*Asks:* 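Structure incoming, see below.
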Amino acid sequence: MMQSFLKLGLTLKAYILFSIFQYAACERLVYSITAEVGAGNITHYSLKQEGTITLILNSIVGDADIYVSETNTKPDYSDYDLQSVTCGQDIVTIPKEFNRPVGIAIFGHVYFPLSKYELTVVLDYNASGSGQDKSSYADFFHGEEGSNESTLWVIFVNILKIILEILA
């Protein structure tokens, strides 16, 4: 019984470490903003970043919805290509094939006088499938990719070593 528990424990540790590594290696936070939009109003954004992009909209107060268009730089609730209009977290994934710039609209639901939201933009390397997106990400921040990547890698490896020591 103890042996099977240890075997299960090692499998669980490996799965946790693989999941952490997979998440850290495939997605990058590109941008995050907290803002407000009034009832029935729209705040527009423009996305120029290439690659597969995921937009995560968290309504902190009220209810904000998201509309996205590759052809209209100022989409709304009647003219859009992608949308998410839930009462909770809204998530939209913009395919790398979409023409840039992509128009993004955050709509404040009419039942709330003010909606406060956090919009997070994440670049997905795994879905993009090319190294070109990595360089555009580095250019986006005006940094040198090589030095940032190696520093992050060293930190990541050291954190994994600490986790392995604790779990062992």
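Please read these numbers as outputs of a predicted model, since none were measured by experiment. Heads up: numbering here begins at 1 and tracks the sequence.
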*Asks:* Hydrophobic cluster membership, with links at side-chain heavy-atom distances under 4.5 Å among I/L/V/M/F/W/Y: are Leu47 and Val30 in one?
*Replies:* yes
*Asks:* Start with the C-alpha gap between Ile91 and Leu57, add the side-chain angles, then the distance that decides, and say whether side-chain contact (heavy atoms from CB on, under 4.5 Å) holds.
*Replies:* CA-CA 6 Å; Ile91 300 175; Leu57 179 68; over 6 Å; no
*Asks:* Answer with yes or no whether the hydrophobic clustering places Ile42 together with Leu82; edges join I, L, V, M, F, W, Y residues whose side-chain heavy atoms lie under 4.5 Å apart.
*Replies:* no
*Asks:* Nearest 0.5 Å, what's the NZ-CG distance between Lys74 and Asp76?
*Replies:* 11.5 Å
*Asks:* Side chains of Ser59 and Asp63, heavy atoms from C-beta outward: is any pair under 4.5 Å?
*Replies:* yes
*Asks:* Tell me whether Ile33 shares a hydrophobic cluster with Ile106, the cluster being built from Ile, Leu, Val, Met, Phe, Trp, Tyr side chains joined at under 4.5 Å.
*Replies:* yes
*Asks:* What's the separation between atom CG in Asp81 and atom OG in Ser69, rounded to the nearest 0.5 Å?
*Replies:* 4.0 Å
*Asks:* Which ILVMFWY residues are connected to Leu114, directly or by a chain of links, through side-chain heavy atoms under 4.5 Å apart?
*Replies:* none
*Asks:* Are Ile53 and Asp124 close enough that some pair of their side-chain heavy atoms sits under 4.5 Å apart?
*Replies:* no
*Asks:* Is there side-chain contact between Thr120 and Ser32, with heavy atoms separated by less than 4.5 Å?
*Replies:* yes
*Asks:* Would a 4.5 Å heavy-atom cut-off, applied to side chains only, mark Glu36 and Ser115 as touching?
*Replies:* no
*Asks:* Enter the distance from Ile104:CD1 to Leu119:CG here, rounded to the nearest 0.5 Å.
*Replies:* 6.5 Å
*Asks:* Looking at Asp90 and Ala64, what are the two nearest heavy atoms and their distance?
*Replies:* OD2-O, 2.8 Å
*Asks:* How about Ile94 and Leu55: do any of their side-chain heavy atoms sit closer than 4.5 Å?
*Replies:* yes
*Asks:* Would you please test Asn99 and Thr71 for side-chain contact (heavy atoms from CB on, under 4.5 Å) and show each step?
*Replies:* CA-CA 8 Å; Asn99 295 322; Thr71 56; 5.6 Å; no
*Asks:* List the atom of Leu123, the atom of Gln49, and the distance in Å for their closest heavy-atom pair.
*Replies:* CD2-NE2, 4.0 Å
*Asks:* Within this structure, what is the OH-SG distance for the pair Tyr111 and Cys87, rounded to the nearest 0.5 Å?
*Replies:* 10.5 Å
*Asks:* What about Val92 and Tyr31, same hydrophobic cluster or not, with Ile/Leu/Val/Met/Phe/Trp/Tyr joined at side-chain heavy-atom distances under 4.5 Å?
*Replies:* yes
*Asks:* Provide the full list of ring-ring contact (aromatic ring centres under 6.0 Å, His included) pairs with a residue in residues 72-92, sequence neighbours left out, each pair given once.
*Replies:* Tyr67-Tyr80, Tyr77-Phe107
*Asks:* If you round to the nearest 0.5 Å, how far is CD of Glu50 from CZ of Arg100?
*Replies:* 5.0 Å
*Asks:* Looking at every heavy atom in both His44 and Ala105, which two are closest together, and how far apart are they?
*Replies:* CD2-CB, 3.8 Å
*Asks:* Using 0.5 Å steps for rounding, measure from the CD atom of Gln83 to the CG atom of Asp65.
*Replies:* 8.0 Å
*Asks:* Please identify which of these residues, Thr34, Asn58, Thr43, meets the side-chain contact (heavy atoms from CB on, under 4.5 Å) condition with Tyr117.
*Replies:* Thr43
